[in-house]
Amino acid sequence: MAGVTGLRAERLTLAVLLCGIASLALSDFVSPLYWSLPVCAALLRLWRGPSFALSEMQASLVGWLGFIWVVAEVLLGRALVIAFTDFLLILAFAVVVEAATARNHLHRMLVGLFLLLAAAVLTDTMFYALPLLAMAWFLWRAAACLYGLGWPGGDLPAAEIRQDLPAVLLVIALAVTLFVAMPRFEFHTLLSAMQPRMETSGFSDSVRLGDFARELDTSVVMRIELAGSTYEPAQFRRLVAGRYWRGATLSQFTGKGWQKGGSGRFRQQAGDIRFAAGDGMHVAVYREASDHGYILWPDGLLYLDDLPQSVRIDDTGAMTFVRAPQRRLRLLMDIAPHHAHSLPMRAPRRLESDRSRTPVPLKAWVQRVGGTGVASVRLARIATELKGWQYDLNVAVDAAHPLLSFLQNRRGHCELYATTLALAARELGLPSRVVNGYYRGEWNQAGGFLLLRQLHAHSWTEVWLEGQWQRMDATPSARWQLSYMRFPTLDQLWETAKLTWYRYVLAFSDVDRAGLVDQLWQWLKGAALWLLGGALAVPLIWICYRSGLKRFQNLLRQHGRLWPLLDRWLKQRGVYRLPHQPLRTLPVPDGIKPERWTQFVRQWEMQAFGTASPWHRRELKRHLGALLRRG
Amino acid sequence: MAYDPADLKLPAWLLSLLDRVVRLRLPLAPGWRLGFTRPGIIFVAGLSGVWAAALYSGNNLLYLCGAMLLSLMLAALLQGSYLLRRLPMPVLPMLQAGETRVLYQTMPLPAVCSGVVAVACAVGDASLQLSARCHGRELRWDGRLRVEQRGLFSARELLLSTTAPLGLFLLCCTRSVAMEVVVLPVPVLFLRMDSSGNEAGSFSGDEWHDLRAYVAGDSPSRIHWRKAQGETTHTWAVKRFGAAGDLQAKACLRVDLRRPSGLPYSAFEQLIGQAWYWVKQHGEHEDAGAIRQPAELILGARHFDLADAVEYQSALRAIAGAEPALQPPAGRDGLLLSLIGAD
């Protein structure tokens, strides 16, 4: 095997391995230190050639040392999945630096493929398509070179790119067809694509008022698109854009923050859940993996379709996955056009009227601002006062007395506004609580969907009025005018591409296939006449083109500009040619050797009537000049 | 193979199991069969695992990987079949019984493709094995051709097989052809001796008029050693001597194809070998500038003017396919080769 160093597939198999490394490097679980190790070694190898190598035994030793190192990592507390990726990359490093035997080429291709497969589980980014495509390309070319190694003549040289291109395009077309055609069985196992859970604040059962994000975080939390065809996109936008998306319900005020407070009744369920009767918009919600298990649901939720995991629904309107999922999920919902509450919620309990932790200055402020009258009117007066204050994320908040500093500064973030209003309601004898969720979102014009980012996180108040929980939002509207995007158009296109990836690749299902087939059928029915016409016209045009081209070429050849030039040259050498008289019937011109003349006539006929490419004036002159040349 | 699983140091029992599967040939279509190579089996097994994981988990990225790998296999199958269908047939040289002929022939390919194709065809009791190595627009035939039996054979079927382009399958197809394989007899030295022991009518001092290929039995003194010194084809040239008058006289050989009942068939083969030897001496020369002596061969009832290229080729076919006849040879003049009276 040592005799096959310097195979022609050296770079190709290295490229296969690099594709595998690149795909795994896309995973957020992978440490850059580990993936840069084999990449640097591969670049060195490309630079220095096969001489930069360890023997098989030494490379094997590197692999074993890597294994021991990874076991030590696990013992020291590194997560198993991360240690696994570390080991794969150390293995890739050992393969890169191994001597380029035939076995090494096999190792490279196998390890490259294995890394690609591992990456399919450890990442779900759109960029995964790039190493996948590159792998198809290089794997094809490398295998096509290497397989001939056992035959006389050894491995085949790499084919020209234009030769392999049709084959690889065929591979891609077949892969897309197979991807669409194969059946799906959703078992929700560990082999589903994972991503690290995004860290979010404010979505836990305990929130501190001084602990909030100081900057607008543009990380995407959810993408919501219309899944049915009953509503027009513009109508969908109007109906969905201004909704509150409910998350955690916090009932107990601790003095410095909020807690969920007491466990209400809940039910646990998976599959389909109907909350209210009626027809609504069918929407698909693409939820990013987050560190909380809350399902954010909008006002007017009617139906949750085919929930992939068990959820827990409590009587305050909070819905959580039993276990926070570690991957993106597509949730299908039916939403009523109107903004009515859909989940049944219990009447207030005592802790929602608890005033024991309300700061004394706040009580005084409520009495002063609320004035006199009915409690609901006084509360509305307080809400109006709060809305006139200033929204500010960067205001200094005293962690020990957050509400006092808020009342002094008259500026702050939404949690402070919601808390102040909720405590004010309690002071006025109205049960209240704070709800954390998302509001408004950002409409993506390019893709026609709603986008909820982390910066759309919001807090509002719910007050028990007239026998039901009613939402009151005291946050100034200036909150929603804050600018956060540098390149909005580019960002919209980028988010559209991502949603397309999630929609048509990650979340592609049997239902989508049926929809696709139906769409195709409808399109075919609509375009049947055009297709029929095209099927007739294309061959007709092709035939006309070919015959026209042939005639044109004949015209160029027979009556082209070469004959006058040739006739003039012949005349100068005493030969007169009649129109349409072939050259072979002419006598040999003066001063020309007969053999040369015979050869010239043969070449002339080959270009005029045979398979040789036609001459131009310059080429004819060159040939005539060669006839006159001495020697 | 480049990626033979044996390289992975698999246990012997697994390799022998793989070999059993490798021997299987699955019918695809009439004339087409599919087998797997060792890496192909490993690849299919791995691919099955990928698909099982994809179907079980519903992970669409695993679906994509599985679809890509399966497409590679299918595209390889299509390209392999394309290669087998488009492969031009070799032009087989004339063979000589019992002699190994190395074929090394290049020809243009009608379509751009890469791969190695093994070609086998049955010629009499023997089987000719060739390999075609295609790259770009060039095709190179390699083979060591050896047939033990003289004859004019017609190969009606070629078995083409290839593992191109990825080395995962062995795709076999049978192609109907009408390919003639001419196997000439072993030449038997045939000298018409004069009283001095020289080739009759040929020796005239040191003057020789042309060269012919060496055959076993030629005198070493007649080999053109100086020419042989720079020769790369490993064939010796033998000087032919003759008077100028002799060159103009038309040589004629009549071969009597009758075989007396008592004589063994080998005697007939000997006779045909002598006729072939004579034709080699008088037949078409590779060197177009050489002086050629007019010659005529009468083989049984058929006449051949060896100066004519077409008739020369026909003569070779007739010699290759000669069978004992009942009729005496045609004509009256010329040298007669006959088994009648030899017993």
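The basis for the numbers below is simple: all heavy atoms, side chains too, and nothing from hydrogens, waters or symmetry mates. The sequence lines fix the lettering, A, B, ..., with proteins before strands; numbering per chain opens at 1.
The residues B:Glu148 and B:Arg146 are annotated as salt-bridged, a charged nitrogen and a carboxylate oxygen being separated by less than 4.0 angstrom. Look at B:Arg133 and B:Glu138 and you find no salt bridge, because none of the NZ, NE, NH1 or NH2 atoms lies under 4.0 Å from a carboxylate O.
Of the listed residues B:Gly66, B:Gly46, B:Ala75, the one with more heavy-atom pairs under 4.5 angstrom with chain A than any other is B:Ala75. Contact count against chain B (heavy-atom pairs under 4.5 Å) is highest for A:Leu174 among A:Leu174, A:Leu116, A:Leu170. Contact tally against chain B (heavy-atom pairs below 4.5 Å) for A:Arg162, A:Gln163, A:Met135: the top residue is A:Gln163. Your options are A:Pro183, A:Ala119, A:Ala129, A:Ser509, and the one with the most heavy-atom pairs under 4.5 Å with chain B is A:Pro183.
When heavy atoms are compared at a cutoff of 4.5 Å, A:Tyr128 approaches chain B solely by way of its side chain, counted from C-beta outward. Contact annotation for A:Ala507: only backbone heavy atoms (N, CA, C, O) come within less than 4.5 Å of a heavy atom of chain B. A:Leu113 touches chain B through its side chain: at least one heavy atom from C-beta onward sits under 4.5 Å away, while N, CA, C and O do not. For A:Leu506, the parts lying under 4.5 angstrom from a heavy atom of chain B are both the backbone and the side chain.
A salt bridge (charged side-chain N to carboxylate O under 4.0 Å, His left out) check over residues 133-145 of chain A, counting only residues at least two apart or in different chains, returns the pairs A:Arg141-A:Asp164.
Figure legend: cation-pi geometry between A:Arg330 and A:Tyr502 absent, as NZ or CZ is not positioned both under 6.0 Å from the six-membered ring centre and within 45° of its axis.
With hydrogens and angles ignored, the 3.5 Å screen pairs a side-chain donor or acceptor of B:Asn59 with a backbone N or O of A:Ala120. Judged by distance alone, the side chain of A:Arg513 and the main-chain N or O of A:Val180 form a donor-acceptor pair under 3.5 Å.
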